[in-house]
Amino acid sequence: EQLSKRLGVTITMDKVTTDAFDGVLHIYGFKVQDQGKPLIGFRELHLDYSWLSIFSPTWLIEDARLIGPEIHVAIPAEGQLNLLKLLPEPSAEKTESARWHVNSLSVEDGMLDFRDDRVAPARAFRLTPWAFNLKDIGTDSANGQAELHGDLDGGARLDWVGTINLQPLQSRGRLQLQRLDLPDLMRWAPADLPARLTDGRFSMDFDYEAALDPEMVVTLKKSGIALDKLKLEVAGEPLASLDELRINGIDVAYPAARWGVDSIRVSGGDFVLIRERNGELRVQKALANLPKRKEVAVAKSDEPPMVWAGSLKTADIDNIRVSFSDESTTPTTRLSLGPLSLKAVPAVQNGQDTLSLDLKTPLNEQGSLSVNGRGGMPSVRADGSAAQPFFRGRIEADDLNLTALQGYVSQAARVRLASGRLALQGDAGWQPDAQPLWSWNGDIRLSALQVEDSRNNSRLLAANAIAVNGLQVQGEPNRVRLATLLLDKVFVRTELRPDGQFNLATLTHSPPAAASASPAASQTSAGNSAWPARLDNLVISNSTLIFSDQTQKPAFTQAIRQFGGRISGIEIPGNKPASIDLKGEMPPLGKLAIKGSTTLSDAMALDLTLQGTDIDLSGLSPYSGRYAGYRIDKG
């Protein structure tokens with residue numbers, strides 16, 4: 001009753017029994033309430049104490065057993081923690097802290113209930129049943145052995161086995177949290193967040209050492225973290241799902257600022273990216289609308305920021321799928337990546353942290369992409385010099401369906417990709433502050449290409465194969481060189497439309513009028529667009545060229561079939577002439593040969609010999625009829 005009056009709470013007990021000679025105390029039905037609301041309590045407490053401690057400065061308890069403890073933690077709307085009621089008013093008098101020692105303490109069938117009413121809806125969780133065992137603990141103990149086991153809401157479990165020392169405060173042990181329900185945990189996050197976890201389980205296994213003597217020192221050894229069946233939504237729509245994430249072999253040392261991870265493994269997952277009609281990514285839009293939080297002032301410190309150093313031994317990603325939809329194009333562009341597999345292995349080369357990368361994935365189901373190489377991390381070498389990031393490796397792609405890019409093609413030109421496949425392979429490199437900044441050396445091949453004029457659905461361009469072999473291209477300084485460009489069974493249709501314009505010249509959409517740029521900006525743009533190029537051999541085989549003049553009535557059409565040959569030594573800008581040797585057939589019996597040279601410079605030069613035999617003149621009747629008044633019957 002006296003304690004109740006002093007603390008302003010209601011304390012009740014059902015029964016107390018004791019045997020002073022044996023040093024035994026039993027308390028039953030202990031409850032502490034505040035205005036009818038429970039705070040703490042227990043069903044039974046059994047103490048086996050040493051009465052000899054009456055003559056000792058240290059209170060000694062041989063054995064303590066607590067059954068059915070209940071702890072009700074609540075934060076009401078006004079924000080005052082309810083358990084603060086149990087703390088007595090501070091006294092101005094200095095008193096010596098009590099010294100005590102417990103040989104054995106066990107807690108059974110415990111219940112911890114927490115509720116936060118400062119938000120709506122209220123956030124709450126319960127830990128029950130939980131058990132706690134402790135041996136050899138006290139104000140002067142150096143080897144307090146303890147265990148804590150309990151079940152959380154949603155099937156999660158908490159287990160801790162370790163030691164506690166109070167003088168100085170130290171602990172070491174193993175803490176395990178299994179299958180914590182993440183959507184339940186999200187109830188603690190602000191309700192107005194656009195991203196929500198709708199499924200997922202979190203687990204951790206920490207082997208730790210911690211001390212406060214006098215500064216905080218924490219060490220983790222061979223620890224692990226796991227995420228399972230994770231699902232994330234943004235603005236109510238699926239963004240990502242992850243089957244499994246494992247981080248193993250975690251080593252952390254604080255304040256030594258060292259870390260290490262043996263392996264990271266990500267297995268199974270889907271990621272969805274949507275670009276809206278205004279060109280903005282939907283997830284970017286949702287994150288841009290995050291509610292503004294009240295800024296918290298952080299005290300400035302004169303100490304330099306902590307710089308962490310560490311390494312990752314290996315990383316594996318497999319069976320990841322990414323789907324991308326771009327609604328800003330017509331039709332909507334849909335691309336898919338996966339199931340993807342990626343293996344990354346860190347290493348140190350020339351004092352720089354690097355990652356070897358091995359990536360393999362299908363593209364749009366039928367195509368494939370692989371990247372094998374090494375990337376450098378922007379880090380500081382042991383000698384203090386800065387290491388620049390870089391990438392060097394091989395990139396290969398095969399059987400990529402170009403029709404999936406129709407939405408982007410329609411934005412640039414009035415054409416339709418009826419079919420087309422892309423394959424490439426080559427070595428790529430990139431490194432800032434290097435010359436060249438980037439480079440590519442390899443081959444590119446287009447096959448089964450069919451391009452139509454979307455204005456009249458006529459066939460515009462087709463090719464059995466367009467192969468670029470020995471392509472060497474680099475940027476800053478810019479340069480292009482091709483060993484061979486092969487055009488096999490190419491079909492090209494050029495047409496003078498009834499309005500007097502060439503079809504090829506009007507394919508692209510007119511760009512919007514640009515604001516006048518300064519002369520300096522114009523020079524910069526021109527300088528960046530300068531690409532000196534050389535093509536050793538342009539080889540054309542079995543191709544067809546068709547020219548149609550729709551301004552004539554009837555329309556004039558002329559075809560050159562079985563067109564082929566070679567142009568060698570093409571240079572842009574050209575200092576040396578390129579040799580030309582081309583042949584073709586003009587049905588029904590005509591033949592055409594073109595030989596000579598050309599120089600592609602500012603002052604373009606041509607030196608050609610054209611030879612035609614058995615060319616049928618009757619096809620020129622539209623012109624002779626219009627300008628001379630006679631049709632050509634034969635000749």
Side-chain angles (χ1 to χ4, degrees), residues 154-157 159 174-186 195-207 220-234 237-252 259-274 283 310-325 334-347 353-375 377 391 393-398:
R157 181 168 179 82
D159 295 281
R174 185 175 184 182
L175 175 64
Q176 292 179 303
L177 179 61
Q178 302 177 37
R179 300 187 61 78
L180 179 67
D181 187 86
L182 290 179
D184 187 65
L185 190 64
M186 281 295 294
R196 307 296 297 179
L197 286 170
T198 60
D199 197 4
R201 297 282 179 167
F202 172 76
S203 302
M204 67 179 187
D205 186 351
F206 284 176
D207 189 347
L220 298 181
K221 295 181 179 179
K222 300 302 178 183
S223 301
I225 294 175
L227 284 172
D228 294 282
K229 304 301 181 183
L230 186 72
K231 290 186 178 180
L232 179 66
E233 290 184 355
V234 171
E237 296 187 3
L239 173 65
S241 67
L242 194 62
D243 293 343
E244 181 182 290
L245 167 65
R246 298 288 185 270
I247 305 177
N248 296 320
I250 301 174
D251 294 333
V252 177
W259 66 273
V261 174
D262 285 346
S263 66
I264 296 179
R265 177 173 175 78
V266 180
S267 179
D270 292 275
F271 296 83
V272 180
L273 293 176
I274 299 175
V283 61
S311 63
L312 168 67
K313 292 183 179 179
T314 182
D316 288 288
I317 299 175
D318 67 79
N319 201 26
I320 298 297
R321 296 165 294 276
V322 180
S323 62
F324 173 70
S325 297
R334 304 185 188 279
L335 304 174
S336 65
L337 182 75
L340 174 149
S341 66
L342 170 65
K343 185 176 182 64
V345 179
D353 294 331
T354 66
L355 276 176
S356 69
L357 303 172
D358 187 4
L359 168 70
K360 292 182 174 63
T361 179
L363 282 176
N364 279 11
E365 297 182 357
Q366 294 182 349
S368 63
L369 171 68
S370 67
V371 180
N372 188 283
R374 182 170 296 277
M377 301 293 103
F391 173 78
R394 187 164 185 82
I395 300 176
E396 297 184 0
D398 190 29

* Step by step, work out the salt bridge (Lys or Arg N to Asp or Glu O under 4.0 Å) result for D262 and K313. => CA-CA 5 Å; D262 285 346; K313 292 183 179 179; 3.4 Å; yes
* Given L337 and L363, is the side chain to side chain contact (heavy atoms under 4.5 Å, CB included) satisfied, shown in steps? -> CA-CA 5 Å; L337 182 75; L363 282 176; 3.1 Å; yes
* **Audit row: V266, I320, side chain to side chain contact (heavy atoms under 4.5 Å, CB included) steps and yes/no** => CA-CA 8 Å; V266 180; I320 298 297; 3.9 Å; yes
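Heavy atoms only, all atoms of each residue included: P339 and P362 are closest at O-CD, 3.2 Å. Residues D243 and S267 approach most closely at CB-O, 3.2 Å, considering heavy atoms. Closest non-hydrogen pair, V261 versus N248, comes out as CG1-O, 3.6 Å. Listed here is the closest heavy atom pair of I250 and V252: CG2-CG2, 3.8 Å. Shortest non-hydrogen contact noted between R201 and A156 is NH1-N, 4.5 Å. Closest approach of P238 and V272 over heavy atoms only: O-CB, 3.8 Å.
Atoms CZ and OG, on F324 and S336 in that order, are 12.5 Å from each other to the nearest 0.5 Å. For the atom pair L227 CG and L245 CG, the distance stands at 5.0 Å (nearest 0.5 Å). Atom CG of L232 is separated from atom OG of S241 by 9.5 Å, given to the nearest 0.5 angstrom. The distance from the CZ atom of F202 to the CG atom of D181 is 13.0 Å, given to the nearest 0.5 Å. Distance check, rounded to the nearest 0.5 Å: CG of D205 to NZ of K222 gives 13.0 Å. To the nearest 0.5 Å, the span separating CZ on R374 from CZ on F391 amounts to 11.0 Å.
For the pair D251 (side chain) and W259 (backbone), a donor-acceptor distance under 3.5 Å is absent. Counting only distance, with no hydrogens or angles, the side chain of T361 and the backbone of G338 share a donor-acceptor pair below 3.5 Å. No donor-acceptor pair under 3.5 Å is formed between the side chain of S370 and the backbone N or O of K360. Under a 3.5 Å cut-off, the side chain of T354 and the backbone N or O of A347 do form a donor-acceptor pair. Using a distance-only test at 3.5 Å, with no hydrogens or angles considered, a donor-acceptor pair links the side chain of S356 to the main chain of V345.
Put simply, the side chain of L182 reaches to within 4.5 Å of the side chain of L230, judged on heavy atoms. Taking the side chain as every heavy atom from C-beta outward, L180 and M204 never approach each other to under 4.5 Å.
By the 4.0 Å N-to-carboxylate-O rule, D228 lies close enough to R246 to be salt-bridged with it. Ionic pairing of R265 and D316 is not present here: no N-O contact between side-chain nitrogen and carboxylate oxygen is shorter than 4.0 angstrom. Under 4.0 Å is where a charged nitrogen must lie from a carboxylate oxygen, and between D270 and R321 at least one such pair does.
Environment of CZ in R394: crowded, with over 12 heavy atoms of neighbouring residues, nucleotides or ligands closer than 6.0 Å.
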